[in-house]
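These notes concern the structure reproduced below.
Both counts, for ligands and for their atoms, begin at 1 and track the order of listing.
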Amino acid sequence: MATDSIKSSTLMLRSAGRPPWYAADGKNDPVYMVGVAGGSASGKTSVARRIVQALDVPWVVIVSMDSFYRKLSPEESKQAFLNNHDFDHPSSYDYTEALRCVRDLKQGKATSIPQYDFAKHAPSTESQRVYGASVVIFEGIFALYDPTLLSMMDMKVFVDTDSDICLARRIKRDVTERARDPIGILQQYDRFVKPAFDGFVRPTMNNADVIIPRGLDNEVAIDLLIKHIQRQLDARSQALMRPALVRQFRSEDDLSELFFRVPETNQVRAMQTILYDATTSREDFIFYSDRLSRLVLEFGLGKLDLAPTTVTTPMGVPFDGYSLAPNVTGVTILRAGGVMEKALHSVVRPAHYGKILIVGDPVTHEPRLHYVNLPPSIKDGQVLLMDSTIVSGANALMAVRICLDHGVKQENILFMSLLATPHGVHAIQSAFPKVKVVVALLDSHISEDNLLIKAGYGIFGDRYFGTEC
Ligand SMILES: Nc1ncnc2c1ncn2[C@@H]1O[C@H](COP(=O)(O)OP(=O)(O)O)[C@@H](O)[C@H]1O
Ligand SMILES: O=c1ccn([C@@H]2O[C@H](COP(=O)(O)O)[C@@H](O)[C@H]2O)c(=O)[nH]1
């Protein structure tokens, strides 16, 4: 687990709006990249976070340059603990590794970002897997230093905060967050931090498009910056004849021919009524969601490509039919997608199974990947990806991306869900146009926080597993 001294790159989600990995169809809707440089403790991270909060864009990644500090030799490490190592020279960073990560993200791909532990002056053993983004913010003292990195940036920002204020903040932060002592901090500051700022960091101000005096305190400058980025993003969407970044209402008419909905018979409507009814007992809720799961699975399996085959009947007559898909992997997106597993076992065999656990951050609602277990054979066959509900589509998008990362072809993915919003399905289809989506019920009423289908069945997992508060 990350400790406080490990500053991680954070993936933030606005759950409405344009889907992430918009360029996944290869039609190049480039990722927007912002570089944020400035002295140590000038407020780079704080400004980057403010931009994320204000941008109404679904996926923004903040990549901290600290992730790319070079590993120290034992002697260098010893000196670092004596405050005698220069972490503020440009050569202390691994630009090749930084370029690898930034280039991946700039191309809309997933990447692994190393994590750095300030208390140990060493990279942590963990890295963070980041699954693509619409906007990447690259922040660090040398964010505007390397020419190749600069050439990938759409906007370059320099945070210019008075050095006394930076020092005061650095002392406070390094004592509380980076396990340092004040005397050592001052020694390191005099010996390395200040001279390097004057000699290497401040000159990169010349590479900036925008200079923000006083960092986060300069609300006017930050507001202008955010508005500019928003305008740029909207202009790009329009130029590509793509939907604007703002959230748009979607209807079934907006969905492609690879969207399939279980025919709405009276039986289906009755099951929907039971699941929507707040007074339904847990026993009934489980029974009818299992039944609906079987229905959507049977219906969805009808969309799989099957190979023709000929068998001989007991009467010795040849019969031309199909062989059931030989290599199918059923992948459930936990927790709520797990409810479809029972139905999967009852209708598909033999199948391989996989699980992906995605948990929404309680504050930002960003989906966080906690666990992936997919069989190696997944890449060669068809994949039934299952979640009980698709609302914003964020979890589904992350899950599809993970499958693609494991070598699955887009056209081999069949996403199945019990209840979806047209908005969420549209998000999947925009990002991954070859993925088939099969749902039992479609409902366009989304709650204000974009997390629940208003008229729907509440939090599916809680009702099914009996974990309602
Ligand atoms: N405008 C501000 N007012 C007060 N504290 C601030 C302000 N901006 C940043 N800080 C604090 O200063 C410290 C360093 O800020 P941070 O944004 O992490 O700087 P950097 O990323 O440039 O090192 C953090 O503890 C942060 O909370
Ligand atoms: O092991 C380390 C690595 C870096 N530092 C100092 O950190 C700052 C850069 O981080 P900011 O968040 O931009 O302040 C840099 O000035 C290094 O001196 C460190 O002390 N130990």
Short question: side chain of T329, backbone of V383 - any donor-acceptor pair under 3.5 Å? no

Among S42, G38, S46, C166, whose heavy atom sits nearest atom 16 (P) of ligand 1? S46

What are the atoms of ligand 2, with element, lying closer than 4.0 Å to any heavy atom of D66? 9 (C), 10 (O), 12 (O)

Which of the atoms of ligand 2 are close to D88, meaning less than 4.0 Å from one of its heavy atoms? 15 (C), 16 (O), 17 (C), 18 (O)

I141 heavy atoms, cut-off 4.0 Å: which ligand 2 atoms fall inside? 13 (O)

Note: ligand 2 atoms sitting under 4.0 Å from heavy atoms of Q188 are 18 (O), 19 (C), 20 (O)

Is there a heavy atom in H85 that sits closer than 4.0 Å to ligand 2? no

Can you figure out which of M65, K44, R169 has its heavy atom closest to atom 11 (C) of ligand 1? R169

Is the ring pair F200/Y145 parallel, tilted or perpendicular, if the boundaries are 30 and 60 degrees? perpendicular

Kindly identify the option in T45, I141, V159 whose heavy atom sits closest to atom 18 (O) of ligand 1. T45

Can you name the closest pair of heavy atoms from I211 and M205 and give their distance? CD1-CG, 3.5 Å

Give a yes/no on ligand 2: does R170 have at least one heavy atom closer than 4.0 angstrom to it? yes

Proximal ligand 2 atoms for A41, defined as those under 4.0 Å from one of its heavy atoms: 14 (O)

Would you confirm whether Q410, through its side chain, and K434, through its main-chain N or O, come within 3.5 Å as a donor-acceptor pair? yes

What part of R173 sits under 4.0 Å from ligand 2 if we count only heavy atoms: the side chain, the backbone, both or neither? side chain

Hey, is E139 one of the residues with a heavy atom under 4.0 angstrom from ligand 2? no

Are the side chain of N83 and the backbone N or O of Q187 linked by a donor-acceptor pair below 3.5 Å? no

Nitrogen or oxygen atoms of S40 and ligand 1 under 3.5 Å apart: no

Check for me whether K120 has a heavy atom closer than 4.0 Å to any atom of ligand 2. no

Verify, without hydrogens or angle tests, whether R214 (side chain) and D160 (backbone) share a donor-acceptor contact under 3.5 angstrom. no

Check whether H85 reaches the backbone of F81 with its side chain - one donor and one acceptor, N or O, closer than 3.5 Å. no

What orientation do F87 and Y116 show, parallel under 30°, tilted 30 to 60°, or perpendicular over 60°? perpendicular

Does T161 reach the main-chain N or O of S42 with its side chain, forming a donor-acceptor pair under 3.5 Å? yes

Quick one: does N218's side chain have a donor or acceptor within less than 3.5 Å of a partner on P213's backbone? yes

Considering the heavy atoms of Y116, write down every atom of ligand 2 situated less than 4.0 Å from one of them. 1 (O), 2 (C), 3 (C)

Element-labelled atoms of ligand 2 that are located less than 4.0 Å from some non-hydrogen atom of Y69: 3 (C), 4 (C), 7 (O), 8 (C), 9 (C), 15 (C), 17 (C)

Minimum distance, heavy atoms only, to atom 25 (O) of ligand 1: which one of E139, R173, E219 is it? R173

Pairing residues for Y189 by the side-chain hydrogen bond (donor to acceptor under 3.5 Å, both in side chains) criterion, not counting sequence neighbours: none

Please check if the side chain of Q115 supplies one atom and the backbone of I113 the other of a donor-acceptor pair under 3.5 Å. yes

Please list, in number order, the atoms of ligand 2 under 4.0 Å from a heavy atom of K44. 13 (O)

Where ligand 1 meets L216 - atom numbers and elements under 4.0 angstrom, heavy-atom basis: 1 (N)

Closer than 4.0 Å to some heavy atom of G39 - which atoms of ligand 1 meet that? 22 (O)

